[in-house]
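As the structure is a computational prediction, the values presented were derived from the model and not from experiment. For ligands, and for the atoms within them, numbers begin at 1 and follow the listed sequence. Just the heavy atoms: all of them, side chains too, but no hydrogens, waters or symmetry mates, feed the values below.
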Amino acid sequence: MNKETKTIYDAVLREAPEEEPARQYYFMERVRELVELKKSEGYTAAAMVNVIGCQMSAKDGEKLQGILERCGYRSSTDADDSDIILFTTCTVRENANQKLYGRIGRLKHQAERREGMILGITGCMMQEKDEVETIQKKYPYVKLIFGTHNIYKLAELLYSTLMREKRTVEIIEDTKLIVEDLPSERRYRFKGAVNISYGCNNFCTYCIVPYVRGREKSRSAADILRECERLVQDGAKEITLLGQNVNSYGKDLNGGYSFPELLRMVAGLPGLRRIRFMTPNPKDFSDELIEVIRQHENICRHIHLPMQSGSSDVLKRMNRHYTKESYLELARKIRTKLPDVTLTTDIIVGFPGESDADFQDTIDVVREAGFDSAFTFLYSRRTGTPAASWEAVPEPVMKERFERLLSAVRESAAEREGKDEGRIMEVLVEEKNAERQGMLTGRLSNNILVHFEGPDELVGEMARVKLERSMGFYYIGCLAGACDCPQT
Ligand code: SAH
Ligand code: SF4
């Protein structure tokens, strides 16, 4: 930094407001001024945000995008043409880390060659010391590193990187602070996600999330409702409420609302056509929650209920606080009270100490619960978690079990597929079908995909579609009233 730049930089820091989010808006303005200046020298101010991981990570990506736009950057989808490339990362399984290294490895040439380019990484993986060290040592061209607790500070960190022309690294261990009212740029106009809580207190013994996302912090119901209302005013028809364990929402707020109460209030917002939520934990799934879902048609008929294992012994060692029997009982209750829901799950294969009998329990529950689909994962050892030091299941055993589980899941799903064939149902049209011209793709309330012929203007709208043919995990349909198939 030359003397003149340093004087400006010091003055900007001195004058920055202390309180949030005013401080960040101040830095967004300062970055914008810099960007305008650079533009006169041919800077194209293109920024690309890449998401690796879950919906929480995608939501972080929208926040980064919103801040960047406010800083004067235009959104780009072409890495070769970008002045800033940011990654939000995932570290829940080792392969997510490998994905990040692959992606940044491929950007080396560009990051070194393009004048003033900033390659930045944030998200869960950056809360792991070893990974940050590796990036600092082996990837000198990564110029910005920050974690999950200071994503809101992007403008401030970016300003510092641009002015100092040096790498910025800022990782915070944990925080109680929730900064509200920052910009966010949705990927889809017609749907959005809203964080209801951050972090997790459950400490399942295989899971790294509590270590990288910190302790559970619920947002106030007023802030959540305000964000939902704004989304609806801005055209959102569907909102997904996000939390690591949505149904423990509010337990950390003194006298706050519970999740069923919050859900009821969100469902009552005028104009909101669909509400989804991710992820409920079976241990806290109350009758009241089932009842709220039953009473509100706009709460989607899809429940993702991660089971992880069907063995009570494994569940105990996973610290999940439910048993094979209580899980099955809950699944039955949901199926009885909400007969039109699709029930999906997450299952981990090869948790340390999983015996053949334990695994057989998992297969039994898959058959009995009758999942509509399941995400199946090979256990991945995460440093720092209790299970990391327990004796691993040999890899060939794990892989063989994984194949058996896939077959069981496929069989169970096949039994339920096509049950709505012939019905006319509401679809939220999400996009033009990339492979077939004139075709659109939408989603039913129960999360199942439907492809059908229709005009492009329907994207983002609700449409009534006849589900003509089941193709397994999706339907081929036609717009109700718009074709000559017999409509029922
Ligand atoms: N909070 C959510 C899940 C977050 S992680 C919940 O409790 O349901 C998403 C999924 O990744 C988990 O449900 C689990 O199935 C899987 N997962 C988490 N840690 C894992 C690990 N170490 N190895 C394999 N799968 C894991
Ligand atoms: Fe991880 Fe368990 Fe928390 Fe889900 S509930 S994020 S699996 S610790």
Side-chain angles (χ1 to χ4, degrees), residues 52-60 89-99 123-125 127-128 148 174 193 195-218 240-249 251-252 259 276-285 302-311 314-322 327 330 343-354 362 365-366 371 373-390 392-393 395 398-399 401-402 405-406 409:
I52 298 177
C54 66
Q55 293 194 48
M56 206 72 85
S57 188
K59 175 72 187 179
D60 287 344
T89 56
C90 170
T91 187
V92 83
R93 286 170 294 276
E94 183 55 30
N95 53 10
N97 294 30
Q98 294 318 323
K99 198 165 171 180
C124 289
M125 198 177 150
Q127 292 295 139
E128 286 185 282
T148 54
D174 199 355
N195 299 105
I196 64 166
S197 60
Y198 300 94
C200 182
N201 288 351
N202 286 337
F203 289 94
C204 302
T205 51
Y206 51 82
C207 184
I208 198 153
V209 171
Y211 306 89
V212 294
R213 288 267 168 188
R215 292 298 67 68
E216 191 168 86
K217 300 176 282 289
S218 301
T240 304
L241 303 177
L242 295 179
Q244 293 300 344
N245 176 4
V246 285
N247 38 23
S248 70
Y249 168 80
K251 288 185 181 163
D252 57 324
F259 182 61
R276 300 185 184 278
F277 55 87
M278 279 283 261
T279 311
N281 190 310
K283 79 181 167 69
D284 297 316
F285 208 107
H302 171 214
I303 296 177
H304 185 67
L305 194 64
M307 167 174 92
Q308 315 302 1
S309 167
S311 150
V314 171
L315 286 167
K316 187 152 195 231
R317 289 187 302 108
M318 284 179 163
N319 194 30
R320 291 289 289 179
H321 296 281
Y322 54 87
Y327 185 92
L330 175 60
L343 190 63
T344 59
T345 197
D346 289 346
I347 302 169
I348 299 176
V349 177
F351 181 75
E354 181 190 69
T362 298
V365 180
V366 167
F371 296 117
S373 74
F375 293 107
T376 48
F377 306 110
L378 285 169
Y379 168 73
S380 173
R381 190 179 159 276
R382 309 315 288 138
T383 310
T385 60
S389 58
W390 301 346
V393 172
E395 212 175 295
M398 235 156 86
K399 293 207 163 139
R401 285 182 191 161
F402 190 79
L405 177 64
L406 275 188
V409 168

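- Residue Leu378 touches ligand 1 through its backbone alone, judged by heavy-atom distances below 4.0 Å.
- At a heavy-atom distance under 4.0 Å, no atom of Asn245 approaches ligand 2.
- In this structure, atom 9 (C) of ligand 1 lies nearest to the protein heavy atom Asp346 OD2, 3.9 Å.
- Those atoms of ligand 1 with a heavy atom of Arg320 less than 4.0 angstrom away are 7 (O).
- Comment: Asp346 does not engage Arg93 in a salt bridge, judged by the lack of any side-chain N to carboxylate O separation of less than 4.0 angstrom.
- Under 4.0 Å from ligand 1, heavy atoms of Tyr206 appear from its side chain as well as its backbone.
- Distance from atom 4 (Fe) of ligand 2 to its nearest protein heavy atom, with residue and atom name: Gln244 O, 4.2 Å.
- Counting heavy-atom neighbours within 6.0 Å of Lys283 NZ, excluding the residue itself, gives a total above 12.
- Atom CD1 of residue Ile348 and atom SG of residue Cys204 lie 8.0 Å apart, to the nearest 0.5 angstrom.
- Counting heavy atoms under 4.0 Å from ligand 1, residue Ser380 touches it through both backbone and side chain.
- Residue-environment remark: CD (Gln98) exceeds the threshold of 12 foreign heavy atoms within 6.0 Å.
- Ligand 2 has Arg320 within reach: a non-hydrogen atom of the residue lies less than 4.0 Å from it.
- Shown in contact with Pro210 at under 4.0 Å from a heavy atom are these atoms of ligand 2, numbered in order with element: 8 (S).
- Here is the list of ligand 1 atoms found below 4.0 Å of a heavy atom in Val92: 5 (S), 18 (C), 19 (N), 20 (C), 21 (C), 22 (N).
- Distances from atom 1 (Fe) of ligand 2 show that Cys204 has no N/O/S atom below 2.8 Å.
- In this structure, a donor-acceptor pair under 3.5 Å is absent between the side chains of Asn319 and Thr205.
- Under the 30°/60° scheme for interplanar angles, the aromatic rings of Phe351 and Tyr206 are found to stand perpendicular.
- Here the heavy atom of the protein found nearest to atom 4 (C) of ligand 1 is Gln244 OE1, 3.6 Å.
- Summary of contacts: the protein heavy atom closest to atom 1 (Fe) of ligand 2 is Cys207 SG, 2.3 Å.
- Atoms of ligand 1 found under 4.0 Å from any heavy atom of Ile348, numbered from 1 in the order shown, are 14 (C), 15 (O), 17 (N), 25 (N), 26 (C).
- With a heavy-atom cut-off of 4.0 Å, Phe203 touches ligand 2 through its backbone alone.
- Remark: among candidates Gln308, His304, Glu94, Met307, the nearest residue to atom 15 (O) of ligand 1 is Gln308, based on non-hydrogen atoms.
- Near Pro306, meaning under 4.0 Å from one of its heavy atoms, ligand 1 places the atoms 8 (O).
- Taking any N or O of Arg382, backbone or side chain, none lies under 3.5 Å from an N or O belonging to ligand 1.
- Ion pairing of Lys251 with Glu216 is absent here, as no side-chain N (NZ or NE/NH1/NH2) approaches a carboxylate O to less than 4.0 Å.
- Side-chain N/O atoms of Asp284 and His321 include no donor and acceptor closer than 3.5 Å.
- Residue contact check: Cys200 has heavy atoms under 4.0 Å from atoms 3 (Fe), 5 (S), 6 (S), 8 (S) of ligand 2.
- For Phe203, the CZ atom is densely surrounded, since the number of other residues' heavy atoms within 6.0 Å is greater than 12.
- Closest to atom 7 (S) of ligand 2 among all protein heavy atoms lies Tyr206 OH, 3.3 Å.
- Scanning all protein heavy atoms for the shortest distance to atom 17 (N) of ligand 1 gives Arg93 NH1, 3.5 Å.
- For the pair Thr385 (side chain) and Ile208 (backbone), a donor-acceptor distance under 3.5 Å is absent.
- Note: no N/O pair closer than 3.5 Å links Thr279 and ligand 1 by distance alone.
- For ligand 1, the atoms lying closer than 4.0 Å to a non-hydrogen atom of Tyr379 are 23 (N), 24 (C).
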